[in-house]
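Below you'll find the structure, written out as structure tokens, and then a few comments.
Owing to the predicted nature of the structure, the values given are computational and were not obtained by experimental measurement. Order of the sequence lines fixes the chain letters, A, B, ..., with proteins taken first and strands second; residue numbering starts at 1 for each chain.
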2 protein chains.
Amino acid sequence: MGWRAADRTKQTLKAQNDDAPEYLLEDQVGHLLRRAHQRHTAIFQANIADQQLTPLQFAALMKLADVGEASQNHLGRLTAMDAATMQGVIKRLIARGLIARRPDPDDRRRLLLTLTEDGRILVDVATARGHRISDETLEPLSPSERQTFLKLLLRLTD
Amino acid sequence: MGWRAADRTKQTLKAQNDDAPEYLLEDQVGHLLRRAHQRHTAIFQANIADQQLTPLQFAALMKLADVGEASQNHLGRLTAMDAATMQGVIKRLIARGLIARRPDPDDRRRLLLTLTEDGRILVDVATARGHRISDETLEPLSPSERQTFLKLLLRLTD
DNA sequence: CCTGAATTGTTCGTACACAAACGATGGTCG
DNA sequence: CGACCATCGTTTGTGTACGAACAATTCAGG
């Protein structure tokens, strides 16, 4: 169709002459957040003692150590994980014997999660690593910049 | 050596009485980066015109519109995607007819990628959406705070 | 020229991430 | 009491993310 070719010409000219609506990927928050998160997980992998432990598994363990006992969904909310995602994370942690699951006597829908002895040991070892990972992630910033950044980042988190 | 045992005791006491070495998940950069990224992708989903288009597919399209033509690996580097990840992203974009692939005459290992006419049309429509998505993601911050945040975030991105 | 190192694209396996639908259970309110 | 609705855990399907291994190709050095 003739109009198609005409349109394409116009489009090409517009793209060449007018760069007002331009979109630079490297300036977009989403892309920067994704890259910063990528860098953080790489730092995590390099510094966490246990090579099998992932950031989400680590978060679940630490939070469980914090609250002592919680149902899957509750722990998921505390760690910002989807129920379906939590399903897989918990399954792998149970398979490794780091957490245990027992039915809630007061609510037969719920499964209560607790750390096992091995889980508690791992948490003790990994806590220092966690702080080191956070430090190394923020290493490009000065102390005051870190504080500013974390304050602003928190406000972009619902 | 005596000072060693003394130090360890001091550490243990410190750990028991003082909760300085405690680990609060919600204060850790990695967790905050993850949650901010989650929130951004939710905003993306809600605001991008095409419901099938994902953030990564969008990034690949926009970058390809920017550079005109690139091999898979090259486009992957430009968009911070692993070669294996790029594989899947490109496959889906080709299946939807948004990009085309042809062999590089100068290097038979390479496959050159370009936008199709449909891809170019989608890019034109989605550019405004992309800016709106970035704005809405940064909405909790004031203009000067946004500038500060983006500057600091960029420095945490290798 | 020719052998070894590097690059390109592919596949496989594991682990998030989330929408959607499901059965089982629990609480509420008429 | 009984219908209704919310919540809990599970499964399925699609789409990132990346390490690892692979064949084909290119390139650099001797």
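- No N or O donor and acceptor, one from the side chain of A/R108 and one from the base of C/dT25, sit under 3.5 Å apart.
- One finds a side-chain N or O of A/Q38 lying less than 4.0 angstrom from the OP1 or OP2 phosphate oxygen of D/dC18.
- In this structure, the CG atom of A/L33 is 16 Å from the C1' atom of C/dA17, given to the nearest Å.
- By the 30° and 60° cut-offs, the orientation of the rings of B/Y23 relative to A/F58 is perpendicular.
- When the nearest nucleotides of DNA chain C are assigned to A/D106 and B/L111 by heavy-atom distance, the more 5′-ward of the two goes with B/L111.
- Atom CE of A/M86 and atom P of C/dA19 are 15 Å apart (whole Å).
- The residue A/S71 sits close only to the backbone: its heavy atoms come under 4.0 Å of sugar-phosphate atoms, none of a base.
- With rounding to whole Å, A/Q52 atom CD is found 12 Å from D/dG19 atom C1'.
- Between A/R102 and A/E69, at least one side-chain nitrogen of the basic residue sits less than 4.0 Å from a carboxylate oxygen of the acidic one, meeting the salt-bridge criterion.
- Taking atom CG of residue A/D104 and atom P of nucleotide C/dG26, one finds them 9 Å apart after rounding to whole Å.
- Protein atom CG of A/L113 is 13 Å distant from nucleotide atom P of D/dC8, rounded to whole Å.
- Residue B/R109 places none of its side-chain N or O atoms closer than 4.0 Å to OP1 or OP2 of D/dA23.
- Distance CZ (B/F44) to C1' (D/dT16): 13 Å, rounded to an integer number of Å.
- Between B/Q72 and C/dT8 there is no side-chain N or O to OP1 or OP2 distance below 4.0 Å.
- Residues B/L53 and B/L61 are in side-chain contact: their nearest non-hydrogen atoms beyond the backbone lie under 4.5 Å apart.
- Checking side-chain atoms of A/S71 against main-chain N and O of A/L112 turns up no donor-acceptor pair under 3.5 Å.
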Quiz item: Given A/R92 and A/Q52, is the side-chain hydrogen bond (donor to acceptor under 3.5 Å, both in side chains) satisfied, shown in steps?
Solution: CA-CA 10 Å; A/R92 285 180 280 274; A/Q52 313 311 317; over 6 Å; no

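- Computed from coordinates, the A/M81 CE to D/dC8 C1' distance equals 17 Å when rounded to whole Å.
- The phosphate of D/dT16 (OP1 or OP2) has a side-chain N or O of B/T54 nearer than 4.0 angstrom.
- When distances are taken from the side chain of A/R110 to each of D/dC18, D/dC8, D/dT12, the shortest belongs to D/dC8.
- Considering only side-chain N and O atoms, B/R92 lies under 4.0 angstrom from the phosphate OP1 or OP2 of D/dT16.
- A straight line from CZ of A/R35 to P of D/dT16 spans 18 Å, rounded to a whole angstrom.
- Place A/D82 and B/T85 on DNA chain D by their nearest nucleotides, and A/D82 ends up nearer the 5' end.
- With B/R120 contributing its side chain and B/L115 its backbone, the two residues share a donor-acceptor pair below 3.5 Å.
- In terms of position along DNA chain C, the nucleotide closest to B/R101 lies nearer the 5' end than the nucleotide closest to the other residue of the pair B/R101 and A/D107.
- Considering only side-chain N and O atoms, B/Q87 lies under 4.0 angstrom from the phosphate OP1 or OP2 of C/dT10.
- Residue contacts for A/Q57: at a heavy-atom cut-off of 4.0 Å it reaches the sugar-phosphate backbone alone, with no base atom in range.
- Phosphate contact (OP1/OP2 of D/dT7, side-chain N/O of A/N73, threshold under 4.0 Å): absent.
- Considering only side-chain N and O atoms, A/R77 lies under 4.0 angstrom from the phosphate OP1 or OP2 of D/dC8.
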